[in-house]
Asker: 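The structure that follows is given in the form of structure tokens.
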Amino acid sequence: MRDRRKWIVRTEKRNHVSLIINPLLRPHLTTLAATVTAPLITRFAPSPTGYLHLGHVVNAIYVWGIARALNGRVLLRVEDHDRIRCRPEYEAALLEDLAWLGFEPDFGLEPLLRQSDTPFVYEQALEGLRATAHVYACECSRKDIGGERYDGRCRGRGLKVATGRGIRVQLGNDMEKFEDALLGRLFQLPAEQCGDLLVRDRDGHWTYQFAVTVDDLRQNVTLVIRGADLLSSTGRQILLARMLGRRNAPVFLHHPLIHDDLGEKLSKSAGDTGVRELRSRGLSAPEVIGIAAARVGLVDPGMPIHASEVSRLFEQRVLPGP
Ligand SMILES: [Zn+2]
């Protein structure tokens, strides 16, 4: 079988790319259970900026599979902080597709945990941050910054918070160490990677980094299970969480991604990998889950898997892995 897994990830240094060879495909459950602070709560947190595709299904397999294997619970969060790209029809479609697949959140869907419904939560978190950290207005555009790292040029300017200006928080120079449940011990230096973190952008929108860190804290998420494409964000989220008053960082698990035939990460428009497209071709939910699981190598191709049975993929002795 062609290996579609890619494990090239950025680590602590800018422009430094490390290739992690032979990562685990499944976490060691006993170790993971011992590492996570009880109660084990994880989340499935899609953004309604497009339809669900096989990449989301892989994430759902890991989220529900590991939560079920460890008697944890799953919450569903709609990450719609990006008010420009999110659309209500995508939200309705992702809830419908998820129900069709058979993945049920343990905290129900009423009320739906939707970021755009709770701006005051982020306001409040920002106020808390002001008390203990240097929070400042920044008028730089993406073009002014010209890369991933912000050099802090507005840090000492004393600009007033105003329309058209972003808000940043100064980061300390601490090296963040964390133990990924699949990748092992990792080190990241957020001040070098990204510089002072953007909390709210120039259009007045809360950023992904800020909203997700606040939500993981207030919703008591103790295990974050997500794709390896988000690995470079982890150190800065652990640091920000600590600045927001979080005592125990969540445990992180970054799983492999599936790629299209050109080796690119699946996008929203990935035709033949969309859950809706596969449904319209007559595939059943267990067949779609089986395809996603096979694409990352959790099972051999052609094995349908019911959503209620995904925990078996992580209980190593039950299903033979590749
Ligand atoms: Zn600036």
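If you read the sequence from its start, that first residue is 1, and numbering goes on from there. Atoms within a ligand are numbered from 1 in the order they appear, just like the ligands themselves.
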Asker: Check R168, R153, Q170, R155 against D196 for a side chain to side chain donor-acceptor pair (under 3.5 Å) and give me the one that passes.
Answerer: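 Only one option passes, and that is R155.
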Asker: Flag the pair R279 and E277 as a salt bridge only when some basic side-chain nitrogen lies within less than 4.0 angstrom of an acidic carboxylate oxygen.
Answerer: no
Asker: If I compare all heavy atoms of Y62 with all of L25, which pair ends up nearest, and what's the gap?
Answerer: OH-O, 2.8 Å
Asker: Are there any protein N/O/S atoms under 2.8 Å from the Zn ion (ligand 1), and if so, which?
Answerer: C138 SG, C140 SG, Y150 OH, C154 SG
Asker: Go through the structure and list residues passing ring-ring contact (aromatic ring centres under 6.0 Å, His included) with F44, not counting sequence neighbours.
Answerer: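 With sequence neighbours excluded, F44 shows a ring-ring contact (aromatic ring centres under 6.0 Å, His included) to W64, given in chain and number order.
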Asker: For R276, is there an ion pair with E96 - N to carboxylate O distance below 4.0 angstrom?
Answerer: yes
Asker: Describe, in one word, how the ring planes of H56 and H53 are oriented to each other, choosing from parallel (under 30°), tilted (30 to 60°) and perpendicular (over 60°).
Answerer: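 Tilted, since the angle between the ring planes falls between 30° and 60°.
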